[in-house]
Amino acid sequence: MLSKKATCNSHGQDSSYFLGWQEYEKNPYHDSLNPTGIIQMGLAENQLSFDLLESWIAENPDAAGFRRNGESIFRELALFQDYHGLPFFKKALAEFMSDIRGNKVSFDPSKIVLTAGATSANETLMFCLAEAGDAILVPTPYYPGFDRDLKWRTGAEIVPIQCTSSNGFKITPSALEEAYAAAQKRNLTVKAVLVTNPSNPLGTTMTGQELNLLVTFVISKSIHLVSDEIYSGTIFTSPRFTSIIEILNNRTDCYDSDVWNRVHIVYSLSKDLGLPGFRVGAIYSNNGAVIEAATKMSSFGLISSQTQYFLSEILSDKKFTSWYMAENQRRLKKRHDSLVRGLKEAGIRCLGSNAGLFCWVDMRHLLRKNTFEAEIELWKKIVYDVRLNISAGSSCHCAEPGWFRVCFANMTEETLDLSMRRMKEFVASAAAATLRGSSGRWRNLRRLSFADKSSRKKFTTNWVFRLLSSRHCYAADQ
């Protein structure tokens, strides 16, 4: 017999988000070995700038060889290390976090707790802030993994702050109050609000108005605010990123306020440096009790001393990190623009975005009905027939059916081009099938069959755009 925790079904593994990964693993695309396989567009991984890191390693062999000034420090790194982490790594990480925020805020290394990735950081914070059965308010749509990270082992409950496309999925005062009231109606004690900024899955930075609204809200309710800022270095166009710490610094009502003890940041090198396999995460907090408790808990998920040493060497090379961040952001913008352009040619629009490794894509016009059942039906067609693994909006707890997260930074440009060709063919096929339902439109399509290819493409794209505009696509890329 296993424990209840081992056999419970609250991990979220049955979500379409994880099911899509399973289907991809059964039939993964490869340009030569399996060219008809499923292309992975459900993985928010940054593979665009590995060559920059590899060049640095080649020029700095001591770092990867665990040498300092030419002398081996292998034995030093191989011995047991205190779970507080290596001081020189925490210093380098704190300075890097400040640098990518334009040095508008500074971070004290003594207030950093190192964890094995952001997953561990978020869960550790939940253990520190909430009892089993307490509520965490999270704006929708949100990262599907939060159902695992925040709830599974901690026993905390996520209560959604419902955001909609009518204002680009921004947080509003009414949405906050309604979520708080919903938790109270369920007799849940609200302990915190957790946001991702920049947003996963929206790919947008939160406005100063939203951030100030959150601070005002948590002050009025005497609760905590967790800002997951793991995409803070992926901003590729305006507006710029604003950290929650910058908001606190600029508010006169926060001087000497205890709200500083109730605002916490989660960070990681998985997205900004594209190193998810290194498992480097961090909690930053001004709350001494949180730092003490989280440090003790971090012993269950430490970062190896070898990893800390190697990355401290990279992060301490500020000339390199400055160049890397600028070049990586340039590449992200180019890849983002390629995806948006390719989808637009297929008659599909995206929410306007300026950060992250993905786009929030509006396919409401392709739904058979305006229901989540129809969304999953469409998702299955895209996974099994089009052979693209994308994430359904319902897996992100979106309040509206028909939205999907599509990642663009974990593949080559050629693979992205192929995925867009597949998507265009699918949309054209769906448009033709719909047109067959009307004899008049069917006759037009037959006449077009004798026209040249560009005319057919123009007709199909214009037809889809007309259908799209009738569904009121708000805040889309123009």
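Small disclaimer: the values here were computed from a predicted structure and weren't measured.
No donor-acceptor pair closer than 3.5 Å links the side chain of E23 to the backbone N or O of V383. Using a distance-only test at 3.5 Å, with no hydrogens or angles considered, a donor-acceptor pair links the side chain of R335 to the main chain of M411. With N197 contributing its side chain and T242 its backbone, the two residues share a donor-acceptor pair below 3.5 Å. In this structure, N46 contributes its side chain and L48 its backbone to a donor-acceptor pair below 3.5 Å. Judged purely by atom type and a 3.5 angstrom limit, S299 uses its side chain to pair as donor or acceptor with the backbone of K296. Counting only distance, with no hydrogens or angles, the side chain of W379 and the backbone of I390 share a donor-acceptor pair below 3.5 Å. Panel note: side chain E45, backbone G274; no donor-acceptor pair is recorded below 3.5 Å. At distances below 3.5 Å, at least one donor-acceptor pair connects side-chain atoms of K90 with backbone N or O atoms of H84. Between the side chain of N167 and the backbone N or O of K170, at least one donor-acceptor pair lies under 3.5 Å. At distances below 3.5 Å, not a single donor-acceptor pair connects side-chain atoms of W360 with backbone N or O atoms of G203.
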Next item on the list: Run the numbers on Q209 and T207 for side-chain hydrogen bond (donor to acceptor under 3.5 Å, both in side chains), then give the verdict.
Entry: CA-CA 5 Å; Q209 182 179 0; T207 64; 5.1 Å; no
Next item on the list: Take H264 and L129, measure what side chain to side chain contact (heavy atoms under 4.5 Å, CB included) needs, and give me the verdict at the end.
Entry: CA-CA 11 Å; H264 321 279; L129 305 182; 3.9 Å; yes
Next item on the list: Show your reasoning for whether side chain to side chain contact (heavy atoms under 4.5 Å, CB included) applies to F358 and F404.
Entry: CA-CA 10 Å; F358 33 72; F404 295 81; over 6 Å; no
Check: side chain to side chain contact (heavy atoms under 4.5 Å, CB included) between T412 and D31: does it pass, once the steps are laid out?
Finding: CA-CA 10 Å; T412 64; D31 58 351; over 6 Å; no
Checklist line | side chain to side chain contact (heavy atoms under 4.5 Å, CB included) between T189 and E131, intermediate numbers included | finding: CA-CA 9 Å; T189 300; E131 303 288 351; over 6 Å; no
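By the 4.5 Å heavy-atom criterion applied to side chains, I100 and Y267 are counted as neighbours. Residues M41 and I382 fail the side-chain proximity criterion, which asks for heavy atoms closer than 4.5 Å. Counting only heavy atoms from C-beta outward, the side chains of T196 and Y142 never approach each other to under 4.5 Å. Using a 4.5 Å cut-off on side-chain heavy atoms (C-beta onward), F96 and L311 make no contact. The shortest distance between side-chain heavy atoms of V195 and I244 does not fall below 4.5 Å. Residues L150 and V138 meet the side-chain proximity criterion, which asks for heavy atoms closer than 4.5 Å. In this structure, the side chains of S243 and I265 come closer than 4.5 Å at one or more pairs of heavy atoms. Proximity of L315 to E95: side-chain heavy atoms (C-beta onward) are nowhere separated by under 4.5 Å.
With rounding to the nearest 0.5 angstrom, the OG atom of S268 is 9.0 Å from the CG atom of L273. Interatomic distance, CG of L188 versus CD of E157, reported as 6.0 Å (0.5 Å rounding).
Shortest non-hydrogen contact noted between D272 and Y231 is OD1-C, 3.7 Å. Nearest heavy-atom pair, L211 versus I247, reported as atom, atom and distance to 0.1 Å: CB-CG1, 3.7 Å. When all heavy atoms of A118 and I230 are compared, the pair lying nearest together is CB-CG2, 3.8 Å. Taking every heavy atom of both residues into account, S353 and T204 meet most closely at CA-CG2, 4.0 Å.
N103 and S98 are linked by a side-chain donor-acceptor pair at a separation below 3.5 angstrom, with hydrogens and angles left out of the test. Side-chain contact, Q40 with N389: a donor N or O sits under 3.5 Å from an acceptor N or O. Residues R387 and N27 have side chains that never bring a donor and an acceptor to within less than 3.5 angstrom of each other. In this structure, a donor-acceptor pair under 3.5 Å is absent between the side chains of S120 and R279. For the residue pair D99 / S322, no side-chain donor-acceptor distance below 3.5 Å is found, with atom types taken as modelled. For the 3.5 Å distance criterion, the side chains of S110 and D108 qualify, holding a donor opposite an acceptor.
Using a 4.0 Å cut-off between charged side-chain N and carboxylate O, E327 and R330 make a salt bridge. Between R331 and E413 there is no salt bridge, since no side-chain N of the basic residue sits under 4.0 Å from a carboxylate O of the acidic one. Salt bridge E123/R153: present, at least one basic N to carboxylate O contact under 4.0 Å.
Screening R240, R101, K104 against E246 for a salt bridge (charged side-chain N to carboxylate O under 4.0 Å, His left out) leaves a single residue, R240.
Ring-centre distance between F169 and W403: below the 6.0 Å cut-off.
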